[in-house]
Visitor: 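What follows is a structure written as structure tokens; I'll ask about it next.
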Amino acid sequence: MNWFLLENREKIPVHKKTTPKPQGSHLVKTKTEVLYKYYKCDYCGDEIVITENKAEMTGGILVLPHIMTRRGDMLLALCNKCLNPLLEELQRETKR
């Protein structure tokens, strides 16, 4: 992981998945329709769809305290499957 970029970012970006533009849309003013909003997992790069019911989401935002990272508090967007590999990587790094 690129820790330098993650520790210096202000907030986690929210991406939007939109409908594709129809052919010839450069000639006519068309509005793009947003299908859903999502975070991008910082560990694997998968999409984490943002829903109103937080229990249905496949991941979310995690705040890692200074005690774990030794770099200050960090905000990460992680999917559920990437939590354990990230913690193992942090343990290996703190043993050095």
Side-chain angles (χ1 to χ4, degrees):
M1 289 184 71
N2 193 347
W3 293 105
F4 181 74
L5 292 176
L6 295 176
E7 69 184 275
N8 289 328
R9 110 176 131 186
E10 294 292 321
K11 61 180 182 175
I12 297 175
V14 176
H15 304 279
K16 297 177 185 176
K17 187 72 148 193
T18 57
T19 56
K21 292 184 178 182
Q23 199 163 10
S25 64
H26 64 284
L27 301 174
V28 180
K29 189 173 185 178
T30 58
K31 291 184 180 180
T32 58
E33 183 179 334
V34 176
L35 296 175
Y36 57 90
K37 295 180 182 180
Y38 65 95
Y39 299 120
K40 201 173 227 184
C41 179
D42 290 327
Y43 195 80
C44 67
D46 286 347
E47 292 182 357
I48 304 168
V49 179
I50 301 171
T51 60
E52 301 236 350
N53 187 359
K54 299 297 180 188
E56 294 175 355
M57 289 177 58
T58 59
I61 296 175
L62 173 70
V63 178
L64 288 176
H66 172 73
I67 294 171
M68 292 181 73
T69 62
R70 307 284 191 253
R71 299 171 179 189
D73 293 345
M74 292 176 61
L75 285 173
L76 297 175
L78 285 177
C79 53
N80 294 337
K81 65 180 179 179
C82 296
L83 181 60
N84 288 332
L86 175 79
L87 293 176
E88 291 172 7
E89 185 175 329
L90 283 172
Q91 286 177 350
R92 276 186 263 126
E93 193 170 301
T94 56
K95 287 182 181 178
R96 291 183 190 172

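Atom set for the values below is all heavy atoms of this structure, side chains included, hydrogens, waters and symmetry mates excluded.
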Visitor: When you compare the side chain of V14 with that of Y38, does any pair of heavy atoms fall below 4.5 Å?
Guide: no
Visitor: Between CG of L87 and CZ of R92, what distance do you get to the nearest 0.5 Å?
Guide: 11.0 Å
Visitor: Should L76 and L86 be marked as a side-chain contact (heavy atoms from CB on, under 4.5 Å) after you check the CA-CA gap, both sets of side-chain angles, and the distance that decides it?
Guide: CA-CA 11 Å; L76 297 175; L86 175 79; 3.7 Å; yes
Visitor: Can you name the nearest heavy-atom pair linking K40 to A77, along with the distance?
Guide: O-CB, 3.7 Å
Visitor: Answer yes or no: is there a side-chain heavy-atom contact under 4.5 Å between T32 and K16?
Guide: no
Visitor: Counting C-beta onward and ignoring hydrogens, is there a side-chain heavy-atom pair between K11 and L75 closer than 4.5 Å?
Guide: no
Visitor: Apply side-chain contact (heavy atoms from CB on, under 4.5 Å) to the pair D42 and M74, showing each step before the final yes or no.
Guide: CA-CA 12 Å; D42 290 327; M74 292 176 61; over 6 Å; no
Visitor: Among the clusters formed by ILVMFWY side chains lying less than 4.5 Å apart, do I12 and V63 turn up in the same one?
Guide: yes
Visitor: How long is the span from the CG atom in N80 to the CD1 atom in I48, to the nearest 0.5 Å?
Guide: 8.0 Å
Visitor: Linking I/L/V/M/F/W/Y whenever their side-chain heavy atoms sit closer than 4.5 Å, directly or via other members, would M57 and I61 fall into one cluster?
Guide: yes
Visitor: Hey, any chance L78 and I50 share a hydrophobic cluster, counting ILVMFWY side chains that come within less than 4.5 Å of each other, even indirectly?
Guide: no
Visitor: At what distance, to the nearest 0.5 angstrom, does CD of Q23 lie from NZ of K21?
Guide: 13.5 Å
Visitor: For the atom pair NE2 (H15) and NZ (K37), what is the distance rounded to the nearest 0.5 Å?
Guide: 12.5 Å
Visitor: So, do L62 and L83 sit near enough that their side-chain heavy atoms are less than 4.5 Å apart?
Guide: yes
Visitor: Hey, could you give me the CG/CE distance between D73 and M68, rounded to the nearest 0.5 Å?
Guide: 11.5 Å
Visitor: How long is the straight-line distance from SG of C79 back to OH of Y39, given to the nearest 0.5 Å?
Guide: 14.0 Å
Visitor: Can you establish whether the number of heavy atoms outside K54 located under 6.0 Å from its atom NZ is more than 12?
Guide: yes
